[in-house]
Amino acid sequence: TMNRLVKKLGLLAIAIGFAGSTLLAQSHQISNANFEVEGTSTLHDWTMESKAASGTVNMTMEGDKIKSIYRFDVKLKAESLESGKSTMDDLAHEALKSEDHPMISFKLTNIKSITYSGNTANIIATGVLTIAGKSKTVDIKGTGVNNNGTITLKGSKDLKMTDFDMEPPTAMFGTIKTGDSITINYSLTLKTK
């Protein structure tokens with residue numbers, strides 16, 4: 001009767017609404033990752049790199065644009081960070097407490113905004129960053145570009161080692177000291193699951 005007709009029309013309107021929407025939920029694996037940690041010391045600036053990150057990113061696409069990100073879980077083995085100098089690597093891994101806390105991780109809790117400049121998405125995300133067993137909520141700014149189905153996410157974050165209860169490494173009986181401030185740069189290439 002009339003009530004049934006209203007329900008059918010409502011369902012039809014919902015179905016048409018979904019059919020007309022171009023939103024597409026996608027799950028991605030990290031297929032290529034590059035992490036860099038940059039810092040200073042009383043002797044020289046230094047960089048450590050890792051290409052060993054893994055994780056999952058779930059997002060909603062509208063056409064070729066990132067509309068929202070609702071999962072961003074990335075893990076990295078602390079001991080995969082290397083400088084090319086074994087003594088420095090040993091000191092850094094010790095500062096990272098890698099024996100007790102082998103993983104560095106980031107887990108998304110919220111996307112604050114996604115705005116576009118041309119084809120580049122400017123993303124501000126909040127998440128829980130865990131380093132050396134200490135977790136802190138941080139905001140990270142980054143960019144996302146979709147190039148024919150290959151999505152690349154890039155960004156950087158300035159941190160202090162002491163914020164994660166890490167002691168900046170020293171060498172040569174304390175004559176060489178590492179600065180507390182570091183910058184983490186990342187570039188992630190995603191492939192659809």
Side-chain angles (χ1 to χ4, degrees), residues 23 25-40 45-62 65-82 91-117 120-146 151-169 178-190 193:
L23 291 177
Q26 293 183 343
S27 183
H28 301 272
Q29 290 294 112
I30 295 170
S31 63
N32 197 359
N34 189 37
F35 278 83
E36 262 184 13
V37 180
E38 297 176 340
T40 61
D45 293 351
W46 53 269
T47 302
M48 298 186 80
E49 286 187 76
S50 172
K51 297 185 184 302
S54 62
T56 302
V57 181
N58 292 350
M59 60 181 72
T60 306
M61 304 293 292
E62 188 167 24
K65 293 193 170 180
I66 300 166
K67 197 69 181 166
S68 68
I69 301 171
Y70 53 96
R71 182 177 176 197
F72 188 100
D73 294 342
V74 180
K75 289 186 176 179
L76 173 76
K77 280 189 179 173
E79 292 192 356
S80 70
L81 285 164
E82 296 180 338
L91 289 169
H93 297 159
E94 187 180 324
L96 286 163
K97 305 172 189 171
S98 62
E99 280 192 22
D100 294 327
H101 307 287
M103 302 303 282
I104 295 168
S105 66
F106 179 81
K107 189 175 181 73
L108 178 75
T109 54
N110 178 41
I111 291 290
K112 287 191 164 182
S113 67
I114 299 177
T115 57
Y116 269 86
S117 304
T120 302
N122 300 297
I123 303 162
I124 302 175
T126 303
V128 177
L129 179 62
T130 303
I131 303 174
K134 171 94 174 185
S135 296
K136 282 185 72 68
T137 298
V138 297
D139 284 348
I140 295 182
K141 290 181 181 179
T143 61
V145 176
N146 183 357
I151 296 171
T152 304
L153 300 174
K154 291 183 179 181
S156 67
K157 179 68 182 172
D158 294 331
L159 300 168
K160 288 191 182 300
M161 287 190 241
T162 50
D163 287 345
F164 291 86
D165 296 338
M166 293 171 56
E167 197 172 311
T178 304
D180 189 15
S181 297
I182 57 172
T183 301
I184 298 175
N185 302 306
Y186 67 89
S187 176
L188 305 172
T189 305
L190 308 178
K193 267 189 177 179

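No experiment lies behind these values; they were computed from the predicted model shown.
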Any non-hydrogen side-chain atom of [X] less than 4.5 Å from a side-chain atom of [Y]?
X	Y	result
L188	F72	yes
K67	M61	no
V74	F35	yes
I123	L153	yes
L81	I104	yes
Q29	T56	yes

Matching residue for E38 among I182, D45, N185 - test: side chain to side chain contact (heavy atoms under 4.5 Å, CB included): N185
Distance (rounded to the nearest 0.5 Å) between [X] [atom1] and [Y] [atom2]:
X	Y	atom1	atom2	answer
S27	Y70	OG	OH	7.0 Å
E167	K97	CD	NZ	9.0 Å
M103	I131	CE	CD1	13.0 Å
T126	N110	OG1	CG	5.0 Å

What's the shortest heavy-atom distance between [X] and [Y], and which atoms?
X	Y	result
A92	M48	CB-SD, 3.5 Å
A53	A33	CB-CB, 3.7 Å
A52	L76	C-CD1, 4.0 Å

Y116 (side chain) donor-acceptor with I66 (main chain) under 3.5 angstrom: yes
Sidechain-backbone polar pair: T189 side chain, S31 backbone, donor-acceptor under 3.5 Å: no
Side chain to side chain contact (heavy atoms under 4.5 Å, CB included) against V128, all qualifying residues, sequence neighbours excluded: T109, T130, S135, T137
Steps toward side chain to side chain contact (heavy atoms under 4.5 Å, CB included) verdict (L190, Q26): CA-CA 11 Å; L190 308 178; Q26 293 183 343; over 6 Å; no
Residue pairs involving residues 98-117 (criterion salt bridge (charged side-chain N to carboxylate O under 4.0 Å, His left out); sequence neighbours excluded): D73-K107, K112-D139
Test side chain to side chain contact (heavy atoms under 4.5 Å, CB included) applied to F106 and I184, step by step: CA-CA 12 Å; F106 179 81; I184 298 175; over 6 Å; no
Flag for S98-E79: side-chain donor and acceptor within less than 3.5 Å: yes
Test log, rule side chain to side chain contact (heavy atoms under 4.5 Å, CB included), inputs S54 and I30: CA-CA 6 Å; S54 62; I30 295 170; 5.8 Å; no
Greater than 12 external heavy atoms within 6.0 Å of K154's NZ: no
Whether over 12 other heavy atoms sit under 6.0 Å from K157 NZ: yes
Verdict with reasoning, N34 to E49, per side chain to side chain contact (heavy atoms under 4.5 Å, CB included): CA-CA 7 Å; N34 189 37; E49 286 187 76; 3.5 Å; yes
Step-by-step side-chain hydrogen bond (donor to acceptor under 3.5 Å, both in side chains) determination, T60 to S68: CA-CA 5 Å; T60 306; S68 68; 3.3 Å; yes
Just list the side-chain donor-acceptor pairs under 3.5 Å for residues 158-166, sequence neighbours left out, or say none.
unit_1, atom_1, unit_2, atom_2, d
D158, OD1, T183, OG1, 2.7
K160, NZ, S181, OG, 3.2
T162, OG1, D180, OD1, 3.3
T162, OG1, D180, OD2, 2.6

